[in-house]
Student: 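Below are the structure tokens for one structure; questions will follow.
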Amino acid sequence: MFLDEDHEANEAAELTKQTLVDTQQRMGMMLDLMPMGFLIHTRQGIIFGNQEAARLLQVPQEEVVGKHFLDFLTTHAGEAAKQIEEAFHGRISVEPTEAEVRTATGQARTIKLIAGALPWEGNPVVQLLLQDITDLKAIQDRLHLLAVTDELTGAFNRRLAFTTGHRLFNTQEAASNNVALAVLDVDHFKRVNDTYGHSAGDAALKMLTQTVQEIISAHASRDMTFARVGGEEFMVLFPAMAPKAVFETCEQIRSEIERGPVLSAAGTFQITVSIGVALRRETDASFDGLYSSADKALYEAKASGRNRVCLDESGPLPHKGLTRF
């Protein structure tokens with residue numbers, strides 16, 4: 001009788017053991033079918049990773065175990081570590097962490113990390129869900145670029161320029177900084193279109209943009225904002241530059257554009273620009289007021305002969321020897 005009971009108990013134990021093994025295998029197969037990376041992580045390292053996690057990390061699945069997830073991150077490792085630590089304490093972060101993973105092949109992937117606690121007894125573990133958002137981020141970046149840049153020239157557009165200008169005026173730092181604005185306009189642009197065609201006019205605007213961007217990128221202070229704000233009208237916002245340097249930069253822009261040839265199917269020609277500059281005064285309450293002053297200076301540059309830089313009449317002179325027009 002006792003032998004029969006022992007035999008039945010051994011059979012039940014063996015069946016239970018086999019059931020656990022089968023369940024573990026089935027769970028592993030189910031987790032491998034997940035479209036997201038899934039890791040089970042102790043404080044020391046990974047104890048399980050599904051196929052998608054191995055693909056994201058570019059590590060063979062059997063080699064994922066034992067590694068630490070943070071070692072794969074090249075950005076925002078501190079934020080990820082904080083989120084994982086909160087998961088060990090049973091807390092879930094409101095916002096997931098977006099970080100860059102550098103794979104074994106050197107490829108960079110952007111992932112979204114969601115961490116949560118697992119109710120296991122003994123050594124505490126957490127689950128890490130990894131979503132590959134590389135393509136999504138690329139689309140978002142492209143859409144953002146389209147939203148803030150001019151399609152023809154690649155310069156920032158009017159919306160971005162004015163948003164930046166208004167934001168600058170709403171900061172405390174702007175009141176104490178040397179804020180200046182330059183408005184550029186191509187001289188006799190209609191004549192260019194009438195003589196060489198609209199495609200040549202487009203080429204002229206592209207040449208102007210490239211010239212200004214090269215000057216800005218080579219400048220020690222690269223926090224200037226260059227944008228196309230109208231058909232042939234552009235602006236440069238100087239958030240923190242001495243008045244003399246502002247005028248010298250504008251004069252360099254004018255001179256380089258005058259010297260630069262415009263290459264088009266209709267022939268090679270040259271263009272010039274008129275530039276109006278306004279320096280922020282204590283009485284300027286908004287970016288719109290500063291823009292209006294620069295626009296008046298541009299009008300003066302046009303009226304006094306074009307191809308020149310003019311300062312707003314009511315603004316301070318940037319250095320001795322500069323005359324107003």
Student: For residues V262 and Y196, determine if any side-chain heavy atom of one lies less than 4.5 Å from a side-chain heavy atom of the other.
Tutor: no

Student: Give a yes or no on whether the backbone of L160 and the side-chain of T164 come within a donor-acceptor separation of less than 3.5 Å.
Tutor: yes

Student: If we only count heavy atoms from C-beta on, is the L39 to F48 side-chain gap below 4.5 Å?
Tutor: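 No, every pair of side-chain atoms sits at 4.5 Å or beyond.
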
Student: For the pair N193 (side chain) and K190 (backbone), establish whether a donor and an acceptor sit closer than 3.5 Å, ignoring hydrogens and angles.
Tutor: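 It does not hold such a pair.
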
Student: Are D288 and F169 close enough that some pair of their side-chain heavy atoms sits under 4.5 Å apart?
Tutor: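 No, too far: nothing below the 4.5 Å cut-off.
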
Student: L136 versus Q131: any side-chain heavy-atom pair under 4.5 Å?
Tutor: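 With C-beta onward as the side chain, the pair stays apart.
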
Student: Yes or no on salt bridge (Lys or Arg N to Asp or Glu O under 4.0 Å) for D150 and R158, after CA distance, side-chain angles and deciding distance?
Tutor: CA-CA 8 Å; D150 173 60; R158 183 184 181 91; over 6 Å; no

Student: Do side-chain atoms of R308 reach the backbone of R306 as a donor and acceptor pair under 3.5 angstrom?
Tutor: yes

Student: Main chain of L290, side chain of D284: is a donor-acceptor contact present, judged purely on distance under 3.5 Å?
Tutor: no

Student: Please report the closest heavy-atom contact between L73 and A80, naming both atoms and the distance.
Tutor: CD1-CB, 3.5 Å

Student: Got a sec, which pairs hit side chain to side chain donor-acceptor pair (under 3.5 Å) with one end in residues 256-271, sequence neighbours left out?
Tutor: R254-E258, S255-R259, E256-R259, E258-N307

Student: Taking C-beta and beyond as the side chain, do Q127 and F38 meet within less than 4.5 Å on heavy atoms?
Tutor: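 They are in side-chain contact.
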
Student: I need the minimum non-hydrogen distance between L128 and I84, along with the two atoms involved.
Tutor: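 Smallest interatomic distance, heavy atoms only, reads CD2-CG1, 3.9 Å.
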
Student: Please list all pairs meeting ring-ring contact (aromatic ring centres under 6.0 Å, His included) that have one or both residues in residues 270-298, counting only residues at least two apart or in different chains.
Tutor: F162-F287, F162-Y291, H166-F287

Student: Could you tell me whether the side chain of V126 reaches within less than 4.5 Å of the side chain of Q83, counting heavy atoms only?
Tutor: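 The answer is no; the side chains never approach within 4.5 Å.
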
Student: Let me check something: do V186 and V309 share a hydrophobic cluster, defined by ILVMFWY side-chain heavy atoms less than 4.5 Å apart, either directly or through other members?
Tutor: yes

Student: Using modelled atom types and a 3.5 Å cut-off, is there a donor and acceptor pairing between side-chain atoms of D132 and backbone atoms of G37?
Tutor: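 Here the side-chain-to-backbone pair does not exist.
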
Student: Considering residues at least two apart in sequence or located in another chain, which fulfil the side chain to side chain contact (heavy atoms under 4.5 Å, CB included) criterion with K137?
Tutor: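 K137 satisfies side chain to side chain contact (heavy atoms under 4.5 Å, CB included) with E98, T110, I133, Q140 only.
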
Student: For the CD1 atom of I275 and the CZ atom of F247, what is their distance to the nearest 0.5 Å?
Tutor: 9.0 Å

Student: Distance check, rounded to the nearest 0.5 Å: E232 atom CD versus H188 atom NE2?
Tutor: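 If we round to the nearest 0.5 Å, E232:CD and H188:NE2 are 11.5 Å apart.
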
Student: Taking L279's backbone N and O only, do any of them form a donor-acceptor pair with D312's side chain (distance below 3.5 Å, no angle check)?
Tutor: no

Student: Considering non-hydrogen atoms only, spot the tightest contact between N178 and M241 and give its length.
Tutor: CB-O, 3.0 Å

Student: Are the side chains of F69 and L130 in contact, using a 4.5 Å heavy-atom criterion?
Tutor: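 Yes - at least one pair of side-chain heavy atoms lies under 4.5 Å apart.
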
Student: Listing request: all side chain to side chain donor-acceptor pair (under 3.5 Å) pairs with a residue in residues 200-213, at least two apart in sequence or in separate chains.
Tutor: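 Listed by first then second residue: Q210-E214.
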
Student: Would the distance check show the side chain of H89 and the main-chain N or O of E85 forming a donor-acceptor pair, the cut-off being under 3.5 Å?
Tutor: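 Such a contact is found between H89 side chain and E85 backbone.
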
Student: For R91, does the CZ atom sit with more than 12 other heavy atoms under 6.0 Å from it, leaving out its own atoms?
Tutor: yes

Student: Return yes if a side-chain donor-acceptor contact under 3.5 Å exists between D185 and S274, otherwise no.
Tutor: no

Student: Check whether any side-chain N or O of E300 sits under 3.5 Å from a backbone N or O of C310 as a donor-acceptor pair, and report yes or no.
Tutor: no

Student: Counting only heavy atoms not in F226, do more than 12 sit closer than 6.0 Å to its CZ atom?
Tutor: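 Counting neighbours around CZ of F226, more than 12 heavy atoms of other residues, nucleotides or ligands fall under 6.0 Å, so yes.
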
Student: Which pair of heavy atoms, one from A200 and one from F269, lies closest together, and at what distance?
Tutor: O-CZ, 3.7 Å

Student: Apply ring pair (Phe, Tyr, Trp, His ring centres under 6.0 Å) to Y299 and list each qualifying residue two or more places apart in sequence or on a separate chain.
Tutor: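 So Y299 forms no ring pair (Phe, Tyr, Trp, His ring centres under 6.0 Å) with any residue.
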
Student: Would you say that Q61 contacts R55 through its side chain, given a criterion of any heavy-atom pair below 4.5 Å between the two side chains?
Tutor: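 A side-chain contact is absent here, since even the closest heavy-atom pair is not under 4.5 Å.
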
Student: Could you note down all residue pairs passing side chain to side chain donor-acceptor pair (under 3.5 Å) where residues 67-79 supplies at least one of them, sequence neighbours left out?
Tutor: T74-E100

Student: Can you see which heavy atom on G201 is nearest to which on V192, and at what distance?
Tutor: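 Taking G201 first and V192 second, the nearest heavy atoms are CA-CG1, 4.2 Å.
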
